[in-house]
Participant: 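The structure's right below; bear with me while I get my questions together.
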Amino acid sequence: MASVTRAAFGELPSGGGTVEKFQLQSDLLRVDIISWGCTITALEVKDRQGRASDVVLGFAELEGYLQKQPYFGAVIGRVANRIAKGTFKVDGKEYHLAINKEPNSLHGGVRGFDKVLWTPRVLSNGVQFSRVSPDGEEGYPGELKVWVTYTLDGGELVVNYRAQASQATPVNLTNHSYFNLAGQGSPNIYDHEVTIEADTYLPVDETLIPIGEGAPVQGTAFDLRKPVELGKHLQDFHLNGFDHNFCLKGSKEKHFCARVHHAASGRVLEVYTTQPGVQFYTGNFLDGTLKGKNGAVYPKHSGFCLETQNWPDAVNQPHFPPVLLRPGEEYDHTTWFKFSVA
Ligand code: BGC
């Protein structure tokens with residue numbers, strides 16, 4: 001059972017419209033989602049003593065989400081992650097996207113799905129957002145109809161992404177929440193134990209584009225198949241953090257992706273998905289300059305993202321899982337964020 005309430009969150013400048021906030025509540029979770037970028041702005045989870053804390057980074061007010069900020073809580077599209085040099089070919093025709101992370105296109109371009117107002121529809125246990133991405137938006141081919149649905153089921157937040165295209169186009173949708181299971185505003189995630197169900201990962205070049213085939217994690221810092229304590233692990237391997245795609249074992253059916261345990265609070269996040277990959281990002285580019293909720297500042301490594309998705313730059317790498325959606329087909333992916341205590 002979940003309840004859903006609806007309220008105004010803020011006004012966009014220059015008559016751009018009203019951003020609304022939807023609060024989904026079950027006996028175990030409370031999540032706030034706004035119609036700007038389908039963004040999760042708060043997620044309250046109980047610890048083993050039953051004390052609730054907000055475990056996602058973000059802002060108290062709309063202004064925070066309108067400034068330059070690293071995609072806190074937002075849905076990313078039309079194509080999440082990087083496309084090399086913002087260029088690709090579909091059926092022999094070359095397309096050029098907006099370059100917003102030199103020399104590549106990142107997370108949909110200059111004005112991706114995170115920076116638009118979506119149309120909400122309240123459901124009995126959640127909220128559905130929809131929009132039509134026009135032909136040529138940020139350089140992408142064809143019109144794309146998109147539906148993002150958040151539902152709550154006990155301790156589980158379920159996110160479903162659907163899309164239909166008028167022309168063949170790459171599509172790769174995810175949510176970019178930054179979690180800190182100690183409670184947002186905690187200085188780092190070093191005491192989190194992380195497990196990712198992947199035998200291979202994608203090594204990248206200096207612009208974070210995959211350089212080819214998946215490499216075995218065995219014997220490397222990327223072997224997260226057994227839980228590792230993040231801070232110690234980064235130290236042991238002299239790593240600046242993770243910002244990599246892990247290739248998941250599963251097929252298009254629901255499969256286990258990752259588990260993160262915060263022993264001090266007991267909070268556990270388990271992620272399941274139908275996607276072939278997950279970008280594990282440890283907030284390496286956070287630098288403490290943003291003013292977050294409750295006076296929080298967000299330094300490097302103060303949150304982690306588990307962005308379930310197709311593999312980065314798949315549109316240019318023919319041996320990666322297919323990323324093109326053609327007219328008459330349906331894009332349909334689901335990710336489950338399951339919270340518990342242990
Ligand atoms: C990417 C990072 C990027 C961040 C944006 C992540 O999904 O992998 O490289 O900096 O998003 O803040």
Side-chain angles (χ1 to χ4, degrees), residues 37-40 56-59 64-86 97-115 138 159 161 170-180 184 189 194 196 198 201-211 222 224 230 234 239-248 257-258 260 271 273 275-290 292 297-315 317 320 323 335 337:
C38 308
T39 302
I40 296 176
V56 291
L57 280 52
F59 306 102
Y65 292 97
L66 301 180
Q67 69 184 326
K68 190 170 162 23
Q69 55 95 4
Y71 305 91
F72 283 164
V75 161
I76 308 296
R78 190 180 292 199
V79 174
N81 218 308
R82 288 169 172 80
I83 293 182
K85 304 199 168 58
L97 304 175
I99 304 294
N100 59 331
K101 191 89 172 182
E102 284 288 343
N104 302 318
S105 178
L106 175 70
H107 293 337
V110 175
R111 189 163 192 251
F113 289 7
D114 58 299
K115 295 181 187 68
E138 297 296 310
V159 195
Y161 306 87
V171 180
N172 186 24
L173 304 173
T174 191
N175 177 280
H176 206 293
S177 288
Y178 290 67
F179 299 96
N180 187 322
Q184 73 90 27
I189 46 170
V194 178
I196 298 181
Y201 77 106
L202 297 177
V204 289
D205 68 13
E206 64 287 351
T207 74
L208 300 183
I209 295 292
I211 51 176
F222 299 89
L224 305 179
L230 202 53
L234 293 179
L239 271 189
N240 177 44
F242 288 97
D243 193 357
H244 292 85
N245 179 80
F246 288 76
C247 309
L248 300 175
C257 165
V260 183
V271 180
T273 188
Q275 293 275 14
V278 63
Q279 184 85 7
F280 179 43
Y281 173 55
T282 48
N284 313 335
F285 297 114
L286 295 175
D287 62 5
T289 54
L290 294 165
V297 292
Y298 300 123
K300 181 173 173 181
H301 297 162
S302 59
F304 67 90
C305 305
L306 285 165
E307 304 157 51
T308 51
Q309 57 185 272
N310 202 331
W311 302 2
D313 198 34
V315 71
Q317 312 227 15
F320 283 9
V323 70
T335 293
F337 295 101

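Whatever order the structure lists ligands and atoms in, that order sets their numbers, starting from 1. Here, residue 1 is the first one in the sequence, and each next residue gets the next number.
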Participant: Which atoms of ligand 1 are found less than 4.0 Å from any heavy atom of Phe285?
Facilitator: 9 (O), 10 (O)
Participant: Less than 3.5 Å between some nitrogen or oxygen of His176 and one of ligand 1, yes or no?
Facilitator: yes
Participant: Test of understanding: given a 4.0 Å heavy-atom threshold, classify the contact between Leu208 and ligand 1 as side chain, backbone, both, or neither.
Facilitator: side chain
Participant: Answer yes if the ring centres of Tyr71 and Tyr178 are under 6.0 angstrom apart, and no otherwise.
Facilitator: no
Participant: Taking the side chain from Gln279 and the backbone from Asp243, do they hold a donor-acceptor pair closer than 3.5 Å?
Facilitator: yes
Participant: My understanding is that only one of Thr174, Asn81, Thr273 makes a side-chain hydrogen bond (donor to acceptor under 3.5 Å, both in side chains) with Gln309; could you say which?
Facilitator: Asn81
Participant: What protein heavy atom sits nearest atom 8 (O) of ligand 1, and how far off is it?
Facilitator: Asp243 OD1, 2.5 Å
Participant: Out of Gln309, Lys101, Glu307, Gln279, whose heavy atom sits nearest atom 7 (O) of ligand 1?
Facilitator: Glu307
Participant: Is the closest heavy atom of Phe280 to ligand 1 under 4.0 Å?
Facilitator: no
Participant: By number and element, which atoms of ligand 1 are closer than 4.0 Å to a non-hydrogen atom of Tyr178?
Facilitator: 12 (O)
Participant: Tell me if the centroids of the rings in Tyr65 and Phe72 come within less than 6.0 Å of each other.
Facilitator: no
Participant: If you have a sec, work out which protein heavy atom is nearest atom 5 (C) of ligand 1 and how many Å separate them, to one decimal?
Facilitator: Tyr71 CD1, 3.7 Å
Participant: Got a sec, which residues hit ring pair (Phe, Tyr, Trp, His ring centres under 6.0 Å) with Phe222, two or more places apart in sequence or on another chain?
Facilitator: Tyr201, Phe242, His244
Participant: Whether the side chain of Asn104 engages the backbone of Lys85 through a donor-acceptor N/O pair (distance < 3.5 Å, no angle test) should be reported.
Facilitator: yes
Participant: Could you tell me whether Arg82 and ligand 1 have an N or O pair separated by under 3.5 Å?
Facilitator: yes
Participant: Assess, by modelled atom type and distance only, whether the side chains of Asp313 and Gln317 contain a donor and an acceptor separated by less than 3.5 Å.
Facilitator: yes
